[in-house]
Visitor: 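Okay, here's the structure, questions in a sec.
Values below: all heavy atoms of this structure, side chains included; hydrogens, waters and symmetry mates excluded. Note that the numbering runs from 1 along the sequence shown for the chain.
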Amino acid sequence: MQSDGATRSLVLNGATLGAGSSGDVAAFLGSECVAQEHLEGVGATASLAATCQNLLRMLGWQKGPHRIIAVTGPGSFTGLRASLALADGLAFGFGATLHGVTTGQCFRSNPAWANSICVTQARRNRIYVEFQDGSLWAGAPDELALPEGSCVIGNGASLLQSADLARIDVVQPDIALIFEAGSRIPASGPLQPLYIDAPEAKPPAQGLRPAPLP
């Protein structure tokens, strides 16, 4: 598929892959989505790179994308590490610009959700919350106190049961929202995952192995 001068964009959403949910890889030519692959189930994270490679080959984008847009979180450690490392590597290899966008920014790019509070489902019946100002919170759903009349959106919104909420939309950001939000954000350097919880992996009790001798 020839670009005819239009911007080629590759969009990655791996923020929920490691949580047993799903993610997406898509290609946009200008503002049109010309290819999309949905990833789901065990092993989906490991197939991210191959999925991108197959999609670029199918489109005939030998020179790669001009721009890479990726969801930076909040979300799964596994999915974020894999998708953002891949985005960084592809941008370096192809000379593409990098644009990182949070889940909340994706939703709020839609005028209907401009003032929404983003709630993402986490493990162990917990939620990640991204407020309108970008501040973050994590904890049990019944520990979250929201102003009356709040609009809540995200795949964890169903865990909030409150008559005081004006609106609850249980959805994940579709690929068009991610593209729209990422297109408005200036290019940056290597993307940093938006983690809320501390990593569960702990260093060895005896410390890391010493560096090998020269």
Visitor: Report yes if the side chains of Arg108 and Ser116 come closer than 4.5 Å at any heavy-atom pair, otherwise no.
Guide: yes
Visitor: Under 4.5 Å between side-chain heavy atoms, counting indirect links through other Ile/Leu/Val/Met/Phe/Trp/Tyr residues: same cluster for Leu98 and Leu56 or not?
Guide: yes
Visitor: Do the side chains of Leu29 and Met58 join up, straight or via other hydrophobic residues, at under 4.5 Å, putting them in one cluster?
Guide: yes
Visitor: With rounding to the nearest 0.5 Å, note down the distance linking CD in Gln132 to CZ in Phe107.
Guide: 13.5 Å
Visitor: Ignoring hydrogens, what is the shortest heavy-atom contact between Gly100 and Thr72? Give both atom names and the distance.
Guide: CA-CG2, 3.7 Å
Visitor: So, do Phe131 and Leu146 sit near enough that their side-chain heavy atoms are less than 4.5 Å apart?
Guide: yes
Visitor: Quick one: are Val71 and Val11 in side-chain contact, heavy atoms under 4.5 Å?
Guide: no
Visitor: Would a distance-only check, ignoring hydrogens and angles, find a side-chain to backbone donor-acceptor pair under 3.5 Å from Gln105 to Thr102?
Guide: yes
Visitor: Can you check whether His38 reaches Glu40 side chain to side chain, under 4.5 Å on heavy atoms?
Guide: yes
Visitor: Going by heavy atoms in the side chains, are Asp174 and Asp24 under 4.5 Å from each other?
Guide: no
Visitor: Got a sec: does the CG of Asn115 have more than 12 other heavy atoms crowding it under 6.0 Å?
Guide: no
Visitor: Check whether any side-chain heavy atom of Val152 lies under 4.5 Å from a side-chain heavy atom of Asp169, and answer yes or no.
Guide: no
Visitor: Over all heavy atoms of both residues, which pair between Pro65 and Phe94 is shortest? Give the atoms and the distance, please.
Guide: CD-CD1, 3.7 Å
Visitor: Search all heavy atoms of Leu191 against all heavy atoms of Ala70 and return the closest pair with its distance.
Guide: CD1-CB, 3.8 Å
Visitor: For atom CD of Gln36, decide whether the heavy atoms of other residues, nucleotides or ligands shown that lie under 6.0 angstrom number more than 12.
Guide: yes
Visitor: If you round to the nearest 0.5 Å, how far is CZ of Arg8 from NZ of Lys63?
Guide: 7.5 Å
Visitor: If you group Ile, Leu, Val, Met, Phe, Trp and Tyr by side-chain heavy-atom gaps below 4.5 Å, do Leu59 and Phe28 land in one group?
Guide: no
Visitor: In terms of hydrophobic clusters joined by side-chain contacts under 4.5 Å, are Ile168 and Ile127 together?
Guide: yes
Visitor: Does this structure show an ion pair linking Glu143 with Arg126, if we count only N-O contacts that are shorter than 4.0 Å?
Guide: no
Visitor: For Ile69 versus Gly182, what's the shortest heavy-atom pair and its separation?
Guide: CG2-CA, 3.7 Å
Visitor: Can you name the nearest heavy-atom pair linking Gly30 to Phe179, along with the distance?
Guide: O-CZ, 3.3 Å
Visitor: Side-chain contact test, heavy atoms from C-beta onward, threshold under 4.5 Å: evaluate it for Leu80 versus Pro74 and give yes or no.
Guide: no
Visitor: Show the nearest heavy-atom pair for residues Leu39 and Ser47, with the distance to one decimal.
Guide: CD2-OG, 3.9 Å
Visitor: Same cluster or not: Ile68 versus Leu84, using hydrophobic residues (I, L, V, M, F, W, Y) connected whenever any side-chain heavy atoms lie under 4.5 Å apart?
Guide: yes
Visitor: What verdict does the side-chain hydrogen bond (donor to acceptor under 3.5 Å, both in side chains) test give for Thr97 and Arg67, after you've listed the backbone C-alpha separation in whole Å, the side-chain angles of each residue and the deciding distance to 0.1 Å?
Guide: CA-CA 5 Å; Thr97 59; Arg67 174 172 59 187; 5.6 Å; no
Visitor: If you define the side chain from C-beta out and look only at heavy atoms, does anything of Tyr128 sit under 4.5 Å from Leu136?
Guide: no
Visitor: Return the CD1 to SG distance between Ile153 and Cys151, rounded to the nearest 0.5 Å.
Guide: 6.0 Å
Visitor: Can you name the residues that form a salt bridge (Lys or Arg N to Asp or Glu O under 4.0 Å) with Arg81, not counting sequence neighbours?
Guide: none
Visitor: Cut-off 3.5 Å, side chains only: do Asn155 and Gln121 have a donor facing an acceptor?
Guide: no
Visitor: At what distance, to the nearest 0.5 angstrom, does NE2 of His99 lie from CD1 of Ile178?
Guide: 14.5 Å
Visitor: As an exercise, state the distance from OG of Ser109 to CZ of Arg184, rounded to the nearest 0.5 Å.
Guide: 5.5 Å
Visitor: Hey, are Thr103 and Glu130 close enough side-chain-wise for a donor-acceptor pair under 3.5 Å?
Guide: no
